[in-house]
Amino acid sequence: MKLFAPESYWNDPRVEEVVGGCGPGGFGDWLIPDTLWGLSVKESCRIHDWCYFIGKTEEDKREADGVFLNNMLRQIQACESPAWLKCLRRHRAKTYYCFVRDFGGPSFWDDKNTDLEFREYGMAT
């Protein structure tokens with residue numbers, strides 16, 4: 001089975017410093033496991049982390065999220081398991097995808113803006 005990733009993922013020495021697994025760490029790793037009903041998709045998650053790290057635009061984020069879903073679906077299709085289990089895994093993969101698509105913005109944009117782009121904003125009461 002082959003997974004897609006930018007060339008830099010396969011040969012950049014910073015990868016191990018940057019990527020994790022499917023969850024955000026700590027308690028979040030319990031909420032978002034590296035497995036889909038027993039199938040490890042950790043490598044798909046690691047590639048997604050790297051794509052977020054190197055991405056610079058909203059288009060890069062959309063592409064990273066699409067690659068994430070595609071890689072998980074490749075892993076599901078390649079494994080030897082009953083059709084009903086593949087169906088459950090595809091559903092969970094799509095849930096993971098929808099979550100990063102809809103709520104991954106803060107993670108994607110983290111550390112990408114300079115201090116000059118931010119200003120204090122006080123809410124008037």
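Positions are given from 1, in the same order as the sequence printed here.
Nearest heavy-atom pair across His48 and Ala64 is CD2-O, 3.3 Å. Between Lys112 and Phe53, the shortest heavy-atom contact is NZ-O, 3.9 Å. Residue Pro6 comes nearest to Ile54 through the heavy atom pair CG-CD1, 3.9 Å, listed as atom of the first residue, atom of the second, then distance. The nearest pair of heavy atoms linking Trp50 to Ser8 is NE1-OG, 2.9 Å. Among all heavy-atom pairs drawn from Asp49 and Gly21, the shortest one is OD2-O, 3.5 Å. Taking all atoms of both residues into account, the shortest heavy-atom contact from Pro106 to Phe103 is CD-O, 3.5 Å.
Heavy-atom neighbours of Trp37 CH2 from other residues, nucleotides or ligands within 6.0 Å: at or below the threshold of 12. Taking a 6.0 Å sphere around CD of Glu7, one finds it holds 12 or fewer heavy atoms contributed by other residues, nucleotides or ligands. Annotation: Trp10, atom CH2; neighbour count of heavy atoms from other residues, nucleotides and ligands within 6.0 Å is above 12.
The backbone N or O of Ser107 lies less than 3.5 Å from no partner atom in the side chain of Asp110, so there is not a single donor-acceptor pair. Of the possible polar contacts, none joining the Asn71 side chain to the Leu3 backbone as a donor-acceptor pair under 3.5 Å is found. Using a distance-only test at 3.5 Å, with no hydrogens or angles considered, a donor-acceptor pair links the side chain of Arg89 to the main chain of Leu36.
If you take CD on Glu43 and CZ on Arg74, they are separated by 13.5 Å, rounding to the nearest 0.5 Å. With values rounded to the nearest 0.5 angstrom, Phe68 atom CZ is found 12.5 Å from Arg101 atom CZ. Once rounded to the nearest 0.5 Å, the distance linking CG of Leu69 with OG1 of Thr95 reads 10.5 Å. To the nearest 0.5 Å, atoms NZ (Lys86) and CG (Leu73) are separated by 11.5 Å. Rounding to the nearest 0.5 angstrom, the gap separating the CZ atom in Arg92 from the OG1 atom in Thr35 is 7.5 Å. Arg90 contributes atom CZ, which lies 7.0 Å from atom CD of Gln77 (distance to the nearest 0.5 angstrom).
Legend: disulfide bond (SG atoms under 2.5 Å apart) pairs involving residues 23-115, not counting sequence neighbours, sorted by first then second residue: Cys22-Cys45.
When hydrophobic clusters are built by joining Ile, Leu, Val, Met, Phe, Trp and Tyr residues whose side-chain heavy atoms come closer than 4.5 Å, directly or via intermediates, Met1 is grouped together with Phe4. In the hydrophobic clustering of ILVMFWY residues, with side-chain heavy atoms under 4.5 Å counting as a link, Val100 and Ile47 come out apart. Residues Met72 and Ile32 share a hydrophobic cluster, clusters being chains of Ile/Leu/Val/Met/Phe/Trp/Tyr side chains in contact below 4.5 Å.
Residues Asn70 and Val67 form no side-chain contact, since every pair of their non-hydrogen atoms from C-beta on lies 4.5 Å or further apart. Contact check for Leu39 versus Ser81: no side-chain heavy atoms found under the 4.5 Å cut-off.
Salt bridge annotation for Lys61-Glu58: absent, with no cationic side-chain nitrogen under 4.0 angstrom from a carboxylate oxygen.
One side chain, Tyr52 or Asp65, offers a donor N or O that lies under 3.5 Å from an acceptor on the other.
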